[in-house]
Engineer: 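Handing you this structure, nothing more for now.
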2 protein chains.
Amino acid sequence: MSVRISDSTVRRLSLYLRMLRDLRRQGAELVSSRELAERTGATSAQVRKDLSLFGSFGKRGRGYAVGDLTTTLEDILGLSHTWRVGLVGVGKIGAALLGYRDLARRGFEVVAAFDVEPDKIGREMFGVRVAPLADLARVVREERVEIAIVATPPEAAADVAERLAAAGVGAILNFAPTEIHRVGDVPVRTVDVVLELEGLSYLLAGGRRDDVD
Amino acid sequence: MSVRISDSTVRRLSLYLRMLRDLRRQGAELVSSRELAERTGATSAQVRKDLSLFGSFGKRGRGYAVGDLTTTLEDILGLSHTWRVGLVGVGKIGAALLGYRDLARRGFEVVAAFDVEPDKIGREMFGVRVAPLADLARVVREERVEIAIVATPPEAAADVAERLAAAGVGAILNFAPTEIHRVGDVPVRTVDVVLELEGLSYLLAGGRRDDVD
DNA sequence: AACTGTGAAAACTTTCACAGCC
DNA sequence: GGCTGTGAAAGTTTTCACAGTT
């Protein structure tokens, strides 16, 4: 086993999982690759290929068992356990994330928050006490933070990422509009709203439109 | 011209542009593909290939002129003009986006906002009056909204997207955790924080086995 | 008949490597 | 010597198409 799984495959697995959970809630028992494809923007062959990279979960002639495939995907994606998340930077975006219920509901619990602003430090926001950035290492260890979200101004982001990695965080989601490269062996993903808007701008400005969704 | 440009290329162009603007501010005149690559996580060959898809902008033996390449990329990405953006859903995420200065600074001005909550309608938030969702079509036309951001609960997102497309919006950025497929010929991009976290979860859960076996 | 699992083919993207220019 | 521009090669991802299973 042990093939390298591409980013796009993992992304699609997440989409399949979201749909499977919906189906499970609605009481569906079986789902075909075609149905999974339709509502996730993939093709049925792609769905089958993606799943087959991890094993044979379907029943020929029938489809996939919704319940089983849901837990299988949760296992593959590491979502059987709730992740302990630390949030650095409680500005507009950080605060919105703190208040975003879906995080906890979908397996990511924010257990620590940090900021440098004196009037934010010590305050409790959405059930989490904001700690001073200076205490980052100690609090990350005490709260056993596994994944960190960086929502600081761009000029602070790289330094914060270093310190998070040094404190033992396993992965970083970066919201600052600056590229952070993997710090040591800690993977980093960047979410940049403006980047996404620029992609749309490109299409509107005359870039070929037949290939995005 | 008119080659098909991939999504990843466009994404990298945005990164190059961000770096070029920094360089311009610092007064740099020339930049090499290697320098552009280093700080954007690309390779120098990739930078040259990406740019060469649109023309020959460099000077052999010297590099690229920072100022010229900046405006060239702004043109390619459609950023010579400021886009008029409409925001649907002024909940936590929507409000954070409204207050996010970088949008306007980087060429995307929010000129209209919508919600269904009676206590939000009519209020002015960050300089934009919140209109009732029922007035969507009229306000979109009056304010000449070109790009819309959907930040509604997932169950409302698809319907809102339809109405936006019908009202003449040219592209949609979707923040609701549900897949929206291209509506007619209106491209849609989805940003989903949980999806990104799940990608990291996958890596932490053992998906990383880089080159083991 | 319906649908999965999967090799093989096709399409696409990245990297290489070097001619040409400053 | 340093650097771009680019065909060709290598690598990766998607699609095809069909044997096999219920």
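A note on names: the letters A, B, ... follow the listed sequences, proteins ahead of strands, and every chain is numbered from 1.
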Engineer: Mind calculating the distance between CZ (Arg62(A)) and P (dG5(C)) to the nearest angstrom?
Structural biologist: 13 Å

Engineer: Could you tell me whether Arg62(A) atom CZ has more than 12 heavy atoms of other residues or ligands within 6.0 Å of it?
Structural biologist: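 No, CZ of Arg62(A) has 12 or fewer neighbouring heavy atoms, counting only those of other groups under 6.0 Å.
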
Engineer: What is the distance, to the nearest angstrom, from the CG atom on Asp7(B) to the C1' atom on dT14(C)?
Structural biologist: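 Nearest whole value for this atom pair: 16 Å.
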
Engineer: Please report the C-alpha distance between Arg106(A) and Asp192(B) in whole Å, then the side-chain angles of each, then the deciding distance to 0.1 Å, and finally whether the salt bridge (Lys or Arg N to Asp or Glu O under 4.0 Å) criterion is met.
Structural biologist: CA-CA 12 Å; Arg106(A) 289 170 69 191; Asp192(B) 184 338; 3.8 Å; yes

Engineer: Map Gly61(A) and Ala45(A) onto DNA chain C by nearest heavy atom, then report which one ends up closer to the 5' terminus.
Structural biologist: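 Here Gly61(A) is the residue nearer the 5' end.
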
Engineer: May I ask you to verify if any side-chain N or O of Gln46(B) is less than 4.0 angstrom from the OP1 or OP2 atom of dT15(C)?
Structural biologist: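 Gln46(B) to dT15(C) OP1/OP2: side-chain N or O found under 4.0 Å.
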
Engineer: Determine: side-chain N/O of Arg12(A) to OP1/OP2 of dT14(D), distance under 4.0 Å, yes or no.
Structural biologist: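 For dT14(D), OP1/OP2 do have a side-chain N/O of Arg12(A) under 4.0 Å.
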
Engineer: Out of dG5(C), dT15(C), dT15(D), which nucleotide sits closest to the side chain of Arg60(A)?
Structural biologist: dG5(C)

Engineer: Measure from CG on Leu51(B) to P on dG5(D) and round the result to the nearest Å.
Structural biologist: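 Answer to the nearest Å: 8 Å.
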
Engineer: Counting side-chain heavy atoms from CB outward, which of dC12(C), dC22(C), dC18(C) is closest to Arg48(B)?
Structural biologist: dC18(C)

Engineer: More 5' along DNA chain D: Ser33(B) or Ser6(A), using each one's nearest nucleotide?
Structural biologist: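 Nearer the 5' end of the strand: Ser33(B).
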
Engineer: Please tell me if Tyr64(B) has a side-chain N or O lying less than 4.0 Å from either OP1 or OP2 of dG5(D).
Structural biologist: yes

Engineer: Nearest whole angstrom, please: distance from the C1' of dC12(C) to the CZ of Arg4(B).
Structural biologist: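 It works out to 9 Å between those atoms.
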
Engineer: Which value, rounded to the nearest 0.5 Å, describes the distance between Leu30(A) atom CG and Leu23(A) atom CG?
Structural biologist: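 One gets 10.5 Å once the value is rounded to the nearest 0.5 Å.
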
Engineer: Take Glu35(A) and Arg39(A) through the salt bridge (Lys or Arg N to Asp or Glu O under 4.0 Å) test and state the conclusion after the steps.
Structural biologist: CA-CA 7 Å; Glu35(A) 291 172 288; Arg39(A) 289 219 350 239; over 6 Å; no

Engineer: Could you check how far CZ of Phe54(B) sits from C1' of dT4(D), rounded to whole Å?
Structural biologist: 17 Å

Engineer: Can you measure Lys49(A) atom NZ to dT15(D) atom C1' for me and round it to whole angstrom units?
Structural biologist: 9 Å

Engineer: Can you check the Leu36(A) CG to dT4(C) C1' distance for me, whole Å?
Structural biologist: 12 Å

Engineer: In whole angstrom, what separates Arg11(B)'s CZ from dT14(C)'s P?
Structural biologist: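 From Arg11(B) CZ to dT14(C) P: 12 Å.
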
Engineer: Report the nucleotide, chosen from dC22(C), dT4(C), dG5(D), that has the shortest atom-to-atom distance to any side-chain atom of Ser56(B).
Structural biologist: dG5(D)

Engineer: Go through the steps for Trp83(B) and Leu204(A) under the test side chain to side chain contact (heavy atoms under 4.5 Å, CB included), then give the verdict.
Structural biologist: CA-CA 10 Å; Trp83(B) 294 95; Leu204(A) 289 180; 3.4 Å; yes

